[in-house]
Every structure is written in structure tokens, then in C-alpha cells.
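Everything on this sheet refers to the single structure shown next.
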Amino acid sequence: MKKLVVITGASSGFGQEIAKIFNADGFPLLLLGRRLEKLTALAETFDHAMVAEVDVTNQEQFAAAIHKAETQYGPTDLLVNNAGVMLLGNVQNQDPQEWQTMLDTNVMGVLNGTQIVLDGMRERQHGTILNMSSLAGKKTFVNHAAYVASKFGVHGLSETLREENAAQNVRIMLVAPGAAETELLTHVTSDTALKDYEAWKATMGGITLDPKHVAETVKFMYDMPQEVNIREVDIAATKQDA
């Protein structure tokens, strides 16, 4: 059997598409997320998959799920830190709790997952951690201040980790998608920010990036030999001007 792939935020969007493409190629999977019913429904169509309801900000819960899967499928060879939250709003009036939620999930969640699998990968001198960031991790967008802060953090921590683990042959990769057809917007509480985003989306013809192409990119990156690290891919709809 192929090596274990762990995907956070696997119940929808990028995570779900990444899970589908790795299942199609025969990889055993651990699918993590907060909506167990969606994860279970997805896993039922797969050959070798475990699911767990996990909040990535809870390292103990996160680690328990990974260790359970590793008992069955062997060590994690790929961790996709995909779980993320995007709550648009202007700093002048956004609820600070929304800032905290984004920083906890988007930054602490990535750090938690990385720490859980990193020692084993370093010992084996083999393994890949792929962090799902955003174009908002390298350029700014109006009404995205706290989200941008969290994703700049993901870019920064990813490159630091890559430097720290290069000598142990562990790959740290990063994918930065632009606007995409995911469920990220469903939690936005600012009507103004949402209207601005939808108007921007309309300039792209009303359809943004299909998550399946992000999944194809992740698979291509991982399929490179262990001695090759595609450090970062920025991917967006051609019509996205920002």
C-alpha cells in the first residue's frame, strides 16, 4: 500500500478535491475536519480512508487522530495543512474575535499539524508538509487585513520550516490560490465586504478558480521525487486581475 496522506479541512473545497485525487491514485487517507457527517459521506466512496472530527487548534485532538491512522496505515508521508477560515471585514469595525479565529485556525493549526508529524519525517529523512496559503499571503486585499496577516504568517513560517528541515530531506511546500469556488465566504459576517467581493468576482465572469485544479497542482508537486521540492505555486483564475 502507498503511504499515508493526512488532509485537514477535508470536508469541502480544496481539501475535498485533494482527497479525491489522492484516493483515485490508491493512497490511504486520514480526512480531518469539523463536519463529521460530510467527511464520513466522502470516505464512504473511498478505498482506504479514516475520518476524524478535529479542530486543528486543539493539538492533542489533532495528534490523537494522526497517531490512530498511523497505527493502521504507517507513518504520515504527506500532511496537507488545508484547514482555513476567511472572515472578511474592515479593521475599523470587525469583531476582534474574528481576527482571533483566523489567527488560531490559519496559523496555529498549521503549526500544530507540522509539529505532530515533523519529528518522524526528520528521522526517516522522508516526508512532505504542504501548507495551503493564499495570494493574500503575498499581496494585500481590501477588507482582508486580519486574513492577510494570517496568510503572510503561513508564507513566513513555511519558508522558515523549509530552511530548517532541508538538510533532513523533508519537503515543505506551499500553494497560494487566488479566489476560488470554495465555502470560505459562507462565514463572512460583513455584508459590505461580501458585496465588494461578489462585485469583484463578477469582473472575472462570475466564476473563480475550480478547486480541482488546485488539487491537481498539489498532486503534481507531491509526485515529484523526494529530492525535488517545488517550494511555492501561486495559482488563480486567468481573469483574476488582483
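Remember, predicted model here, so these are calculated numbers, not experimental data.
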Open item on the list: K38 vs S12, test: side-chain contact (heavy atoms from CB on, under 4.5 Å). Steps then yes/no.
Closed with: CA-CA 8 Å; K38 292 197 75 171; S12 65; 4.2 Å; yes
I'd like to know if the side chain of [X] pairs up with that of [Y] as donor and acceptor (distance under 3.5 Å, no hydrogens or angles considered).
| X | Y | value |
| --- | --- | --- |
| N131 | S133 | no |
| H126 | D77 | yes |
| E70 | T76 | yes |

TODO: Look at the side chain of Q94 and the backbone N and O of L87, then say whether any donor-acceptor pair between them is shorter than 3.5 Å.
DONE: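 At least one qualifying donor-acceptor pair exists.
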Task: Flag, side chain of R34 to backbone of V54, donor-acceptor distance under 3.5 Å - done: no
[Y] and [X], any side-chain heavy atoms less than 4.5 Å apart:
| X | Y | result |
| --- | --- | --- |
| L31 | L42 | yes |
| V170 | T128 | no |
| M121 | Q168 | no |
| V85 | Y147 | no |
| E37 | T40 | no |

Looking at [X] and [Y], does any basic side-chain N land under 4.0 Å from a carboxylate oxygen?
| X | Y | result |
| --- | --- | --- |
| K2 | D25 | yes |
| E232 | K138 | yes |
| E17 | K20 | yes |

TODO: Compute the ring centroids of F27 and Y222, then answer whether they are less than 6.0 Å apart.
DONE: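 Yes: the rings meet the under 6.0 Å criterion.
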TODO: Compare every heavy atom of P177 with every heavy atom of L209, then report the nearest pair and how far apart it is.
DONE: CD2-CB, 4.3 Å
- [ ] Classify the angle between the aromatic ring planes of H144 and F141 as parallel (below 30°), tilted (30 to 60°) or perpendicular (above 60°).
- [x]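 Correct class here is tilted.
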- [ ] For N165 and R122, run side chain to side chain donor-acceptor pair (under 3.5 Å): C-alpha distance rounded to whole Å, both residues' side-chain angles, the deciding distance at 0.1 Å, then the answer.
- [x] CA-CA 7 Å; N165 294 284; R122 286 172 62 93; 2.6 Å; yes
